[in-house]
**Q** 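Quick one: structure below, then a few questions.
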Amino acid sequence: MEKKKMTAQEAAAFVQDGFNVGFGGFTPAGCPKVVPTAIAERAEAEHKAGRPFSIGVFTGASTGDRLDGMLARAKAVRFRAPYQSNKDLRTLINSGETDYTDLHLSSLAQDLRYGFYGDIDVAIIEAAEVTPEGEIVPTSGVGILPTICRLAKKIIVELNDRHPAEIRGMHDIAEPLDPPYRKELPIYKPSDRVGQPFIKVDPDKIVAIVETREPNDEGSFTPLDDVTKAIGENVARFLHDELVAGRIPKEFLPIQSGVGNVANAVLGSLGDNEGIPTFDVYTEVIQDSVIELMKKGRVRFASGCSLSVSRSVIQEIYSNLDFFKDKLLLRPVEYSNNPEIVRRLGVITINTALEADIFGNINSTHVNGTRMMNGIGGSGDFTRNAYLSIFTTPSTAKDGRISAFVPMVSHLDHSEHSVKVIITEYGIADLRGLSPRKRARCIIDNCVHPDYRPLLNEYLERTKNGQTPHDLKACFAFHHAIAEKGDMHLADFDK
Ligand code: 0RQ
């Protein structure tokens, strides 16, 4: 392995124009950093010399700025899947310069194995340890690691000694058999293990080892405000009432909570609600709030795909591994988000909508139906298979000029069939067992901002026809209003 040690620039030379590259990690956690930066520099040099250079980028989810951001700014991303949240990459995607396929995160690894995306030429991964036998211990994010390592012709490892050797044992690495030979994935409770604490590869495939000490790139959280706090409290109240009503077992059920500011606030409120027993987390991204609740004894165990926590929190975990190691488990996304496991465990899922319609359909991805925000991420993996699926959203965005509730969603990610409950700062719309007409009444009365209730009531009055009563000429009046007049309050159904 010593002979394979080299600089990031030397390792980047293994990547050629047109390659499909699989990257390890999940969110900025566990993503390689110095080699993607060197690939971006190489792309810029190639472009200056008048030569093309761009690659297909396959990841577990979003990445850090030194991966998606650097490569996007170097115009080096030809194709991207399955999720991103970087503003420079988003610009390329929305201008059509980068082809982006938005996918349920649980399906990418198997789709790669099925051959749907061609070969993976190189896997570039971050590791805490690599042994001469080809055992690779990941760092704080797993994603599609085992699959890209197995499929890739060559593997480049960023060996990052910021992650202590004792992290070995925090991962559960496995890959399912593919159809027609697939068997059940035998996870019956969040702490069950089905694999090994490392990825095993053919050591000859490892062509480069680049030593680094780089910390993960950090995202930022907006501090809690009254709206996110109220949403969190409403979610906690709803789940507490469900428990009292006996519709959630008294032992409680594992929680999945999505990404972003609202999700972090929701988890905080769940932890603070004394009526909710200590619970487990079976999720994709383990955020700061989960670690906080673990310290308070409110979260017993968390299974996820990445420790997507701030730099100070990861240091705290590493300094207290005795406390955290038997409470945290990191798995490939194919397991953390697996529909079979989510349904078996009875996961209560809480995700955030960009917009919802009055009948309970959810748009999580497209601003005004056209511009990609991030992607569907794991929200579909969890929602569709949940014991109880909840969507949260502030009732308005952009200082009230956008209503989160519209007559018809401008893009559909989660259909009415999968969405059980919607919660805003105003209240709770429990949609279980309601017909579309009753759903509309429930959503307008409980969740919509009071400014927009008259407009949505007016829309509902326009037509009485059909199971789902729409006026197809007027259903996008809110979207026309924001696009043309900059404010949904000015929606005119007759124009
Ligand atoms: O804009 O960033 O300019 O302030 O969207 O909105 O309210 O801060 O919410 O950070 O939770 O993100 C759906 C994008 C919400 C995210 C989404 C604007 C708003 C703000 C962000 P600014 P908030 P969040 C996996 C879980 C899909 C993937 C998923 C997401 C910005 O949660 O990507 O669920 N979800 N993964 O102003 C225009 C609207 C808008 C709008 C909000 N209708 N139109 N802009 N914004 N609504 C499962 C796991 O286990 C992790």
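Residues take their numbers from the sequence shown, with the count starting at 1. As the structure lists them, so they are numbered: ligands from 1, and atoms in each ligand from 1. Hydrogens, waters and symmetry mates play no part in the numbers below; they use all other heavy atoms, side chains included. Computed from a prediction, not measured in an experiment: that's the story for all the values here.
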**Q** Tell me which protein heavy atom sits closest to atom 27 (C) of ligand 1, plus the residue, atom name and distance to 0.1 Å.
**A**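 Answer for atom 27 (C) of ligand 1: Gly375 O, 3.2 Å.
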
**Q** One thing to verify: whether Glu97 and Lys75 come together as a salt bridge, which I'm taking to mean a side-chain N less than 4.0 angstrom from a carboxylate O.
**A**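 Yes, charged N to carboxylate O under 4.0 Å.
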
**Q** Can you classify the ring geometry of Phe79 versus Tyr117 as parallel (below 30°), tilted (30 to 60°) or perpendicular (above 60°)?
**A**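 Geometry flag for Tyr117 against Phe79: tilted rings.
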
**Q** Quick one: look at Ser379 and ligand 1, take heavy-atom pairs under 4.0 Å, and tell me if it's side chain, backbone, both or neither.
**A**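 It is both parts that get close, each with some atom under 4.0 Å.
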
**Q** What residue and atom, counting heavy atoms only, is the protein's closest point to atom 44 (N) of ligand 1, and at what distance?
**A**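 Scanning the protein heavy atoms, the shortest distance from atom 44 (N) of ligand 1 goes to Ile402 CD1, 3.6 Å.
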
**Q** Can you tell which part of Met373 has a heavy atom less than 4.0 Å from ligand 1: side chain, backbone, both or neither?
**A**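 Looking at Met373 and ligand 1, just side chain atoms fall under 4.0 Å.
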
**Q** Parallel, tilted or perpendicular, judged at 30° and 60°: which one describes the rings of His489 and Tyr452?
**A**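 Rings of His489 and Tyr452: parallel, under 30°.
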
**Q** Supply the atom-to-atom distance Ile350 CD1 to Ile255 CD1, rounded to the nearest 0.5 angstrom.
**A**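 Rounded to the nearest 0.5 Å, the CD1-CD1 separation comes out at 4.5 Å.
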
**Q** Kindly identify the option in Leu354, Val406, Val347 whose heavy atom sits closest to atom 42 (C) of ligand 1.
**A**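 Residue with the shortest heavy-atom distance to the ligand atom: Leu354.
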
**Q** Could you walk me through whether Lys189 and Asp192 pass the salt bridge (Lys or Arg N to Asp or Glu O under 4.0 Å) test, one step at a time?
**A** CA-CA 6 Å; Lys189 53 183 190 306; Asp192 281 350; 2.8 Å; yes

**Q** Among all protein heavy atoms, pick out the one at the shortest distance from atom 13 (C) of ligand 1; state its residue, atom name and that distance to 0.1 Å.
**A**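 Residue, atom and distance for the closest contact: Thr352 O, 3.6 Å.
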
**Q** Within a distance under 4.0 Å of any heavy atom of Tyr83, pick out the atoms of ligand 1 and give their elements.
**A**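 Those qualifying, in numeric order: 28 (C), 33 (O).
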
**Q** Specify whether Phe493 and Phe478 have parallel, tilted or perpendicular ring planes, treating 30° as the upper limit for parallel and 60° as the lower limit for perpendicular.
**A**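 The arrangement is parallel - the two ring planes meet at less than 30°.
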
**Q** Just need the protein heavy atom nearest to atom 8 (O) of ligand 1, so name the residue and atom and give the distance.
**A**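 The answer is Asn261 ND2, 3.3 Å.
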
**Q** Would you mind checking which non-hydrogen protein atom is closest to atom 2 (O) of ligand 1, with the distance to 0.1 Å?
**A**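 Residue, atom and distance for the closest contact: Lys398 NZ, 4.9 Å.
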
**Q** Any atoms of ligand 1 less than 4.0 Å from a non-hydrogen atom of Ile376? List them with their elements.
**A**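 Every atom of ligand 1 under 4.0 Å from some heavy atom of Ile376: 28 (C), 29 (C).
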
**Q** Could you identify the single nearest non-hydrogen protein atom to atom 30 (C) of ligand 1 and state the distance to 0.1 Å?
**A**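 The closest heavy atom on the protein side is Asn374 ND2, 3.8 Å.
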
**Q** May I ask you to list the atoms of ligand 1 that are less than 4.0 angstrom from any heavy atom of Ser257?
**A**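 Those qualifying, in numeric order: 49 (C), 50 (O), 51 (C).
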
